[in-house]
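Here's the structure, in structure tokens; my notes come after.
Atoms within each ligand, like the ligands themselves, are counted from 1 in listed order. Numbering of residues begins at 1 and proceeds along the displayed sequence. Keep in mind that the numbers below use all heavy atoms, side chains included, and drop hydrogens, waters and symmetry copies.
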Amino acid sequence: MNIIIFGPPGAGKGTQSDFIIKKYNLFQLSTGEILRNEIKNKTDLGLKIASIMNSGLLVSDIEVGKLIEKFISKREFKNRFIFDGYPRNLSQAENLDFLLKKYGQKIDLVLKLKVSIDTIKKRIQGRSVCSICGKIYNEYFNPAPTKSDCCAPKFLQKRSDDTLEIAIKRFETYEKNIEPLLNFYKKIDLLKEVNGEASIPQINVEISDLIDGMEGWL
Ligand code: AP5
């Protein structure tokens with residue numbers, strides 16, 4: 001089973017992907033995370049893309065396409081993907097389709113988290129990520145445990161693109177590209193919309209119901 005999860009910045013794609021991979025033994029392919037690692041490791045690509053990511057724009061389709069093929073081609077991940085943050089435009093959707101066919105796979109379900117801009121602003125401003133385990137928290141909605149070795153306050157970090165100004169730019173980039181992408185998946189009847197405004201556990205349940213209801217899955 002391969003799943004795509006869409007949604008604007010801060011919609012909860014990473015949060016829900018973390019839940020889905022554990023429940024269904026899938027592999028989370030987060031292009032944002034992969035690109036942030038390139039920056040952290042100061043690779044040639046990382047040096048090229050840091051300013052793009054911090055201005056809320058998309059990294060080139062060709063560069064991101066090369067990165068995702070490395071994962072899609074691996075046998076151990078075959079038919080176990082949740083694509084978090086890829087595709088982001090029509091050209092990426094066409095490339096994903098091409099790559100999946102090349103490696104004998106397909107998309108089974110496309111989830112779209114629907115969230116308003118006001119919610120996004122609050123979620124992004126409150127977000128922190130544990131630098132040890134990568135778990136995502138939120139000071140308003142989902143605070144980190146106070147008694148934990150791993151996710152202690154000293155290990156929590158803010159993302160450099162989580163300012164209000166960059167978040168608005170990221171939202172505009174999302175809005176500009178999303179319509180043709182949604183139509184692409186509507187035409188092949190894979191798109192399901194999920195209320196991203198609900199609580200994290202409520203969304204867990206809604207997504208589980210959609211996955212469990214997929215024909216031939218269980
Ligand atoms: P990426 O890292 O993918 O960022 P994004 O799409 O902007 O999404 P976020 O990671 O901000 O949010 P999320 O939806 O995962 O929300 P989360 O679960 O963390 O991409 C970053 C950049 O990389 C892009 O801007 C671009 O430059 C580049 N890039 C990435 N992919 C690319 C591609 N394919 N092509 C080109 N460039 C690419 O939740 C947010 C917060 O809300 C958390 O604090 C969480 O605890 C909280 N929360 C989550 N759900 C709920 C809920 N239901 N109720 C209350 N709080 C909640």
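- Of the listed residues (Glu206, Glu179, Glu193), just one forms a salt bridge (Lys or Arg N to Asp or Glu O under 4.0 Å) with Lys112, and that residue is Glu193.
- Considering backbone and side-chain atoms alike, Arg36 places an N or O below 3.5 Å from some N or O of ligand 1.
- Closest approach of Arg88 and Gly85 over heavy atoms only: NE-O, 2.8 Å.
- For atom 54 (N) of ligand 1, the closest non-hydrogen atom on the protein side is Arg123 NH2, 3.4 Å.
- Distances shorter than 4.0 angstrom occur between a heavy atom of Ala11 and an atom of ligand 1.
- Between the side chains of Gln16 and Asn204, at least one donor N or O lies within less than 3.5 Å of an accepting N or O.
- Near Gln92, meaning under 4.0 Å from one of its heavy atoms, ligand 1 places the atoms 33 (C), 34 (N), 35 (N), 36 (C).
- Nearest protein heavy-atom contact of atom 8 (O) of ligand 1 is Lys13 NZ, 3.0 Å.
- The option from Gln202, Arg88, Lys135, Lys169 that lies nearest to atom 32 (C) of ligand 1, judged by heavy atoms, is Arg88.
- Among Ile82, Ile3, Ile207, Ile211, the one residue that satisfies the side-chain contact (heavy atoms from CB on, under 4.5 Å) test with Tyr24 is Ile211.
- Residue pairs meeting the ring pair (Phe, Tyr, Trp, His ring centres under 6.0 Å) criterion with at least one member in residues 82-128, sequence neighbours excluded, are Phe81-Phe83.
- Ligand 1 is approached by Ile200 to a heavy-atom distance shorter than 4.0 Å.
- Ligand 1 places these atoms under 4.0 Å from at least one heavy atom of Ile203: 53 (N).
- For ligand 1, none of its N or O atoms has an N or O atom of Ser128 under 3.5 Å away.
- Taking each of Leu58, Leu57, Ile39 in turn, the one with a heavy atom nearest to atom 27 (O) of ligand 1 proves to be Leu57.
- Across Leu35, Ile124, Thr31, heavy-atom proximity to atom 31 (N) of ligand 1 is greatest for Thr31.
- A donor and an acceptor atom, one from each side chain of Asn95 and Asp61, are nowhere located under 3.5 Å apart.
- Atom 19 (O) of ligand 1 has Arg127 NH1, 2.6 Å as its closest protein atom, hydrogens excluded (heavy atom only).
- When non-hydrogen atoms are compared, ligand 1 lies under 4.0 Å from the backbone of Tyr137 (N, CA, C, O) but not from its side chain.
- With Lys13 contributing its side chain and Gly7 its backbone, the two residues share a donor-acceptor pair below 3.5 Å.
- Side chains of Ser60 and Glu63: a donor-acceptor N/O pair is absent below 3.5 angstrom, by distance only.
- Taking distance alone, with nitrogen or oxygen atoms compared against 3.5 Å, Asp161 stays at or beyond that limit from ligand 1.
- The N/O atoms of Gly126, backbone and side chain alike, include none that comes under 3.5 Å of an N/O atom in ligand 1.
- The CD atom of Gln92 lies 11.0 Å from the CD atom of Glu94; values are rounded to the nearest 0.5 Å.
- Taking every heavy atom of both residues into account, Leu67 and Glu38 meet most closely at CD2-OE2, 4.0 Å.
- The N/O atoms of Pro87, backbone and side chain alike, include none that comes under 3.5 Å of an N/O atom in ligand 1.
- Annotation for ligand 1: atoms under 4.0 Å from non-hydrogen atoms of Gly32 are 1 (P), 2 (O), 3 (O), 20 (O), 30 (C), 31 (N).
- Of the protein's non-hydrogen atoms, the one nearest atom 49 (C) of ligand 1 is Thr15 OG1, 3.5 Å.
- The existence of a salt bridge linking Lys22 and Asp18 is confirmed by a sub-4.0 Å separation between a basic side-chain nitrogen and an acidic carboxylate oxygen.
- Annotation: cation-pi geometry satisfied between Lys135 and Tyr137 (NZ/CZ under 6.0 angstrom from ring centroid, within 45° of ring axis).
- Protein heavy atom closest to atom 22 (C) of ligand 1, with residue, atom name and distance, is Met53 CE, 3.7 Å.
- In this structure the side chain of Leu181 reaches within 4.5 angstrom of the side chain of Tyr185, judged on heavy atoms.
- In the vicinity of Arg170, heavy-atom distances shorter than 4.0 Å reach the ligand 1 atoms 4 (O), 5 (P), 7 (O), 9 (P), 11 (O), 25 (O).
- A donor atom on one side chain and an acceptor atom on the other are not found under 3.5 Å apart for Asp161 and Asn54.
- Between Gln16 and ligand 1, no N or O atom pair is found at a separation short of 3.5 Å.
- Heavy atoms of Ala198 approach ligand 1 to within less than 4.0 angstrom.
- For Arg159, the heavy-atom gap to ligand 1 drops under 4.0 angstrom.
- In this structure, atom 43 (C) of ligand 1 lies nearest to the protein heavy atom Ile136 CG2, 3.5 Å.
- Heavy-atom distances between Gly7 and ligand 1 stay at or above 4.0 Å for every pair.
- Considering backbone and side-chain N/O of Tyr86, none are found under 3.5 Å from N/O of ligand 1.
- Atoms of ligand 1 found under 4.0 Å from any heavy atom of Ser199, numbered from 1 in the order shown, are 53 (N).
- Among all protein heavy atoms, the one lying closest to atom 12 (O) of ligand 1 is Gly10 N, 2.9 Å.
- Residue Phe141 has at least one heavy-atom neighbour below 4.0 Å for each of these atoms of ligand 1: 55 (C), 56 (N).
- Results of the salt bridge (Lys or Arg N to Asp or Glu O under 4.0 Å) test with Asp162 over Arg170, Arg36, Lys121, Arg123 single out Arg170 as the only residue that passes.
- Of all the heavy atoms in Ala50 and Ile39, the pair that sits closest is CA-CD1, 3.6 Å.
- Between Gly14 and ligand 1, a contact under 3.5 Å exists for at least one N or O pair.
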Residues Asp118, Lys122; criterion salt bridge (charged side-chain N to carboxylate O under 4.0 Å, His left out); working and verdict: CA-CA 7 Å; Asp118 288 340; Lys122 194 138 195 205; over 6 Å; no

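- The minimum heavy-atom distance linking Phe27 with Ile21 is given by the pair C-CG2, 3.9 Å.
- Of the protein's heavy atoms, Gly85 O, 2.9 Å lies nearest to atom 34 (N) of ligand 1.
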